[in-house]
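Heads up, the thing below is written out as structure tokens.
Order of the sequence lines sets the chain letters (A, B, ...), proteins ahead of strands, with each chain counted from 1.
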2 protein chains.
Amino acid sequence: MITEPNLGLRDRKRLETRLRLEDAAVTLVLRDGLEHTTVDVISELADVSPRTFFNYFESKDAAILGLRQVEIAESELAEHCDRVAENGLLDTVIHLLLTVIGPPSTRPTMREDRLEILRRHPQLLTTQLAQFTQLTTEVASAVTALVARDARFAGDSPAEQAASADLVLSLCGGAVRVAVKEWAEMNPTDAEGAAEQLESRAISLAREVSVKLS
Amino acid sequence: MITEPNLGLRDRKRLETRLRLEDAAVTLVLRDGLEHTTVDVISELADVSPRTFFNYFESKDAAILGLRQVEIAESELAEHCDRVAENGLLDTVIHLLLTVIGPPSTRPTMREDRLEILRRHPQLLTTQLAQFTQLTTEVASAVTALVARDARFAGDSPAEQAASADLVLSLCGGAVRVAVKEWAEMNPTDAEGAAEQLESRAISLAREVSVKLS
DNA sequence: TTGCGCCACTGCAAATTTACAGTGATGCAA
DNA sequence: TTGCATCACTGTAAATTTGCAGTGGCGCAA
């Protein structure tokens with residue numbers, strides 16, 4: 001059991017429960033197939049009640065695919081706003097994206113297992129796509145809020161701010177995507193603690209490009 | 001991990017938490033001594049917050065000695081009352097006593113460990129004694145309620161009922177004590193599932209005597 | 001003696017989990 | 001076609017856990 005530092009007891013247990021549910025879902029689907037894996041047995045294997053399952057995931061598919069519920073609370077946004085002053089907009093948006101995507105699972109083979117599941121049950125791709133769409137929308141509005149609070153865009157019109165937010169999101173999204181791809185291509189044994197490096201790698205990618213373009 | 005049957009998810013987890021706390025307390029006291037074992041480290045080893053510790057035990061000593069908080073809820077009493085109709089008063093009181101004492105821990109060496117702790121830290125005997133006193137008092141009032149609901153004592157005065165309750169409690173307490181002593185003297189390897197036999201042994205002891213005296 | 005820190009323990013509000021009783025969709029057997 | 005069972009999912013109240021800010025005792029150093 002990898003102990004997550006910087007996390008209080010409550011948050012650590014929440015994370016562990018989420019991972020137990022994802023592990024149980026993936027394991028059971030691989031063993032018994034999608035239709036024979038009910039929410040009840042997933043919850044039983046994860047040692048929580050079925051109702052708790054739906055406190056963590058919007059649907060059975062979401063647990064199988066590891067899709068997190070996307071909703072940026074006002075308080076959370078405030079934290080990110082504080083980051084803007086210290087670290088700049090790019091860093092903040094990248095941090096926000098990684099927060100939304102969530103920490104990669106502890107199980108090393110999780111990625112391969114999920115790809116195998118998608119291969120066997122292509123209907124899950126629908127859920128996958130829908131989630132990506134919603135995720136982009138949600139994050140976009142948050143980024144808009146962040147841009148509106150940034151001094152450099154303070155005088156712009158709302159329309160201009162929205163456009164800037166879209167561009168910032170594109171840039172940061174691309175940086176995260178590249179960083180994740182690099183991470184995904186790493187030798188699994190090297191993946192130790194790469195989660196933290198993911199953020200700094202994405203940030204330096206984004207900064208590089210933005211400096212070159214400025 | 002021994003799975004307890006007949007128990008819902010909520011009750012099973014509550015039992016596991018209690019046992020984790022008792023295990024942690026005994027382990028740490030044996031390793032580090034009584035004064036170096038704080039509630040904080042016990043809770044940390046049991047993976048709950050220190051506040052939760054005090055939801056389960058009235059004091060640090062209670063956890064070390066495995067003394068359960070004694071309080072017989074109205075609903076619990078109602079269940080026991082149902083047993084009176086089916087099984088008779090003696091069976092019911094004995095069942096109540098064993099419920100209050102609580103199921104023996106899963107760890108086989110727990111008894112020896114606690115005796116060793118009492119040897120090293122005799123001041124814990126004070127807590128032990130105090131608890132026994134309170135336990136007797138609490139159970140006594142419950143037994144009084146049970147007697148009051150028993151058809152054979154229905155016509156008696158409250159004073160007579162109270163006296164009968166005391167005698168019934170003495171008899172059943174003695175039976176349980178003898179049964180526990182027999183159990184404690186068993187070869188530890190034979191102690192498998194003896195918890196259930198404990199009750200039937202105590203019941204037959206009490207019945208034997210009451211038949212002989214009637 | 002005084003202050004300071006550690007520790008046992010408590011009160012309380014907020015977060016989390018559970019039990020339970022639903023609803024609606026879907027498949028399957030009579 | 002008509003139940004009937006199963007399953008995904010939801011609303012809600014109650015149980016449980018946690019964080020936090022205490023209180024009070026006690027030892028120990030200045």
Interatomic distance, [X] [atom1] vs [N] [atom2] [rounded to whole Å]:
X: A:L34; N: D:dA8; atom1: CG; atom2: C1'; value: 12 Å
X: A:N55; N: D:dA13; atom1: CG; atom2: P; value: 15 Å
X: B:E16; N: D:dT17; atom1: CD; atom2: C1'; value: 16 Å
X: B:R14; N: D:dA15; atom1: CZ; atom2: C1'; value: 9 Å
X: A:F53; N: D:dT10; atom1: CZ; atom2: P; value: 11 Å
X: A:L28; N: D:dA8; atom1: CG; atom2: P; value: 12 Å
X: A:F54; N: C:dC20; atom1: CZ; atom2: P; value: 18 Å
X: A:L7; N: C:dA15; atom1: CG; atom2: P; value: 17 Å

Inset, instruction - Scan A:T52 against the nucleic acid and name what it touches under 4.0 Å (heavy atoms): base, sugar-phosphate only, or nothing. - result: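 Base, at least one base atom sits under 4.0 Å.
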
Inset, instruction - Using a heavy-atom cut-off of under 4.0 Å over every strand shown, decide if B:T37 touches base, sugar-phosphate, or nothing. - result: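 Contact class for B:T37: sugar-phosphate only.
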
Where the side chain of [X] meets the backbone of [Y], is there a donor-acceptor pair that is under 3.5 Å apart?
X: B:R120; Y: B:L30; value: yes
X: A:K60; Y: A:I42; value: no
X: A:T37; Y: A:G33; value: yes

Legend entry - Phosphate contact (D:dT16 OP1 or OP2) by B:K13 side-chain N/O below 4.0 Å: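 Looking at the OP1 and OP2 atoms of D:dT16, neither is under 4.0 Å from any side-chain N or O of B:K13.
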
Inset, instruction - Compare side-chain N and O positions of A:Y56 against OP1 and OP2 of C:dT17 and report whether any pair is under 4.0 Å apart. - result: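 Yes, within the criterion.
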
Legend entry - Most 5' of A:R10 and A:R51 on DNA chain C, judged by nearest nucleotide: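 Looking at the nearest nucleotide for each, A:R10 comes out on the 5' side.
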
Legend entry - Contact nearer the 5' end of DNA chain D, comparing B:T17 with A:E35: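 That would be A:E35.
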
Inset, instruction - Tell me which of B:P50 and A:K60 sits closer to the 5' end of DNA chain D, going by the nucleotide each one is nearest to. - result: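 Mapping each residue to its closest nucleotide by heavy atoms, the 5'-most match is A:K60.
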
Legend entry - Sub-4.5 Å side-chain heavy-atom contact between B:D23 and B:M110: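 Yes, their side chains come closer than 4.5 Å.
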
Inset, instruction - Could you tell me whether A:E44 atom CD has more than 12 heavy atoms of other residues or ligands within 6.0 Å of it? - result: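 Open: at most 12 neighbouring heavy atoms sit under 6.0 Å from CD of A:E44.
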
